[in-house]
**Q** 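Here it is, the structure in full.
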There are 2 protein chains.
Amino acid sequence: MQSRSTPPTRAGGRPRSAEADTAILEATRQALVDLGWTKLTMGDVATRAGVAKTTLYRRWAGKSELVVDAVAELFDELELPDSGSLATDIESVVLQFAALLGRPETKTALMAVVAESTSDEPLRERIRTSIVDRQKRLVLTGRARAQARGELPVEPDTATAAMTADLIFDVIAGAVVHRALVSAEPVDTEWAHRFTLLILGGLAAAASGQGA
Amino acid sequence: MQSRSTPPTRAGGRPRSAEADTAILEATRQALVDLGWTKLTMGDVATRAGVAKTTLYRRWAGKSELVVDAVAELFDELELPDSGSLATDIESVVLQFAALLGRPETKTALMAVVAESTSDEPLRERIRTSIVDRQKRLVLTGRARAQARGELPVEPDTATAAMTADLIFDVIAGAVVHRALVSAEPVDTEWAHRFTLLILGGLAAAASGQGA
DNA sequence: CAGCTTTCGCTACGGCTCGTAGCGTATCTG
DNA sequence: CAGATACGCTACGAGCCGTAGCGAAAGCTG
């Protein structure tokens with residue numbers, strides 16, 4: 001995960017405690033649930049983790065970095081089981097993502113760090129590598145499977161194919177996040193079904209009218 | 001806007017200064033640009049606005065409420081000029097929304113208050129009434145125009161029509177926000193065009209396969 | 001006009017968090 | 001063993017929070 005800030009010098013001393021690492025990240029998630037973003041403090045996390053406050057600062061520069069790493073782990077739970085059709089693949093990942101966003105630590109943290117990242121370039125990069133880019137794999141494998149099934153045409157131009165993948169990623173992730181967090185309405189199977197139909201229709205249209 | 005906290009008792013004293021109100025909201029937006037969300041402080045805003053800190057607390061309970069009101073004003077700039085076709089209507093609003101999210105005060109504040117609202121029910125309600133619900137009008141008028149032109153069928157069932165509008169709203173707003181803030185890629189005309197094609201295709205498919 | 005009500009700016013305060021420094025101890029490497 | 005690093009602990013100045021108390025200003029009402 002490349003999570004903590006690497007010790008600047010080379011090896012040769014007491015290694016950092018791995019138990020402390022996991023305890024801190026777990027404590028951070030729990031603190032997010034109990035306190036939310038603004039009321040979460042470094043000192044509180046340290047106490048919960050049974051660790052000195054200085055230990056936190058030796059590994060993370062601040063609250064934002066800590067929370068990014070604490071939440072990034074959760075996103076790796078997402079999977080794309082091969083359900084046999086593109087429609088059910090999409091519905092599955094939508095519902096999984098919605099369930100993930102239903103957990104209080106996830107929803108609070110994700111928006112907060114994104115907000116912070118808008119005026120913090122290194123943090124933005126950290127989010128991109130730790131969270132965003134890792135989830136694009138879901139779109140790519142989903143498309144590959146659909147193409148193997150013959151449900152989607154193969155886009156010959158590599159650049160165009162990449163743009164389409166990015167577009168789909170933003171549409172799916174964005175819509176679910178907006179529905180769940182901004183509109184604050186439930187992402188249930190009904191909604192997932194309607195949304196999936198919309199996407200499939202759009203993909204079909206884009207496939208026919210290729211020369212956009 | 002119903003922004004500030006209403007004075008609990010009835011009228012009959014010195015009225016609150018309207019100049020102070022606008023100065024505070026403007027100072028808040030500027031502070032967001034300069035400092036970002038976490039480093040923005042009530043005291044700093046007060047100084048910028050040329051107002052006592054106590055005056056801020058007489059009107060807003062805290063940072064979140066203040067920022068919501070400061071940003072809500074900006075969203076009212078969005079318009080839906082009747083461009084003659086649904087496609088260009090969508091592209092227009094997408095680009096407008098993207099331009100709005102390009103402004104540092106907007107992007108920082110929007111995500112931050114949404115994050116805060118996940119563990120603050122009154123704040124969530126404030127966001128809903130001050131920002132979210134007011135922008136759904138764009139979807140509704142856009143649909144009405146498209147139906148008048150014959151571009152979209154009229155959905156007979158009121159409940160279904162409302163769900164469709166909510167879906168489209170979440171998809172458009174969510175995709176633009178995700179593209180601009182999470183993926184941190186530009187929302188240019190190219191992207192807007194591709195996205196619009198996707199939406200239109202989805203709408204067409206949903207219209208034909210009505211009995212979802 | 002006089003009197004009531006509310007807001008305003010200002011100052012001050014206790015409480016909390018921040019992020020760092022310093023120390024002695026613990027743990028691992030060569 | 002010597003060197004290097006991490007650890008827990010304590011303490012600290014700095015900054016911000018949100019509130020209280022004051023005298024003065026500015027409207028409304030009769």
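These numbers come from a predicted model, not from an experiment. First the proteins, then the strands, lettered A, B, ... as listed; each starts at 1.
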**Q** End-to-end bend of the helix from C/dC1-D/dG30 to C/dG30-D/dC1 (five-pair axes, 10° rounding)?
**A** 30°
**Q** According to side chain to side chain donor-acceptor pair (under 3.5 Å), who are the partners of A/T28, at least two apart in sequence or on a separate chain?
**A** none
**Q** For residues 138-148 of chain B, pull every pair meeting side chain to side chain donor-acceptor pair (under 3.5 Å), keeping only residues two or more places apart or in separate chains.
**A** B/R143-B/E155
**Q** Is any NZ, NE, NH1 or NH2 atom of the basic residue among B/K63 and B/E116 found under 4.0 Å from an Asp or Glu carboxylate oxygen of the other?
**A** no
**Q** When you measure from the side-chain N and O atoms of B/T55 to the phosphate of C/dT7, is any distance below 4.0 Å, counting only OP1 and OP2?
**A** no
**Q** Residues two or more places apart in sequence or in another chain: which of them pass side chain to side chain donor-acceptor pair (under 3.5 Å) with B/S119?
**A** none
**Q** What pairs meet the side chain to side chain donor-acceptor pair (under 3.5 Å) rule with one or both residues in residues 106-115 of chain B, with sequence neighbours excluded?
**A** A/T118-B/T108
**Q** For residues 162-188 of chain B, which residue pairs qualify under ring-ring contact (aromatic ring centres under 6.0 Å, His included), counting only residues two or more places apart or in two chains?
**A** A/F169-B/H178, A/H178-B/F169
**Q** Taking atom P of D/dC17 as reference, at what distance in whole Å does atom CH2 of B/W60 sit?
**A** 15 Å
**Q** Partners of B/R137 by side chain to side chain donor-acceptor pair (under 3.5 Å), sequence neighbours excluded?
**A** B/Q135
**Q** Rounded to the nearest angstrom, tell me the gap between atom CG in B/L56 and atom C1' in C/dT7.
**A** 14 Å
**Q** Using the salt bridge (charged side-chain N to carboxylate O under 4.0 Å, His left out) criterion, which residues pair with B/K136? Sequence neighbours excluded.
**A** B/D166
**Q** Any chance you could list the contact pattern along nucleotides 11-22 of chain C? Use B for base contacts, S for sugar-phosphate-only contacts and - for none, protein heavy atoms under 4.0 Å, 5' to 3'.
**A** ------SBBBB-
**Q** Examine the base of C/dT27 for any acceptor or donor lying under 3.5 Å from a partner atom in the side chain of A/R14, and report the outcome as yes or no.
**A** no
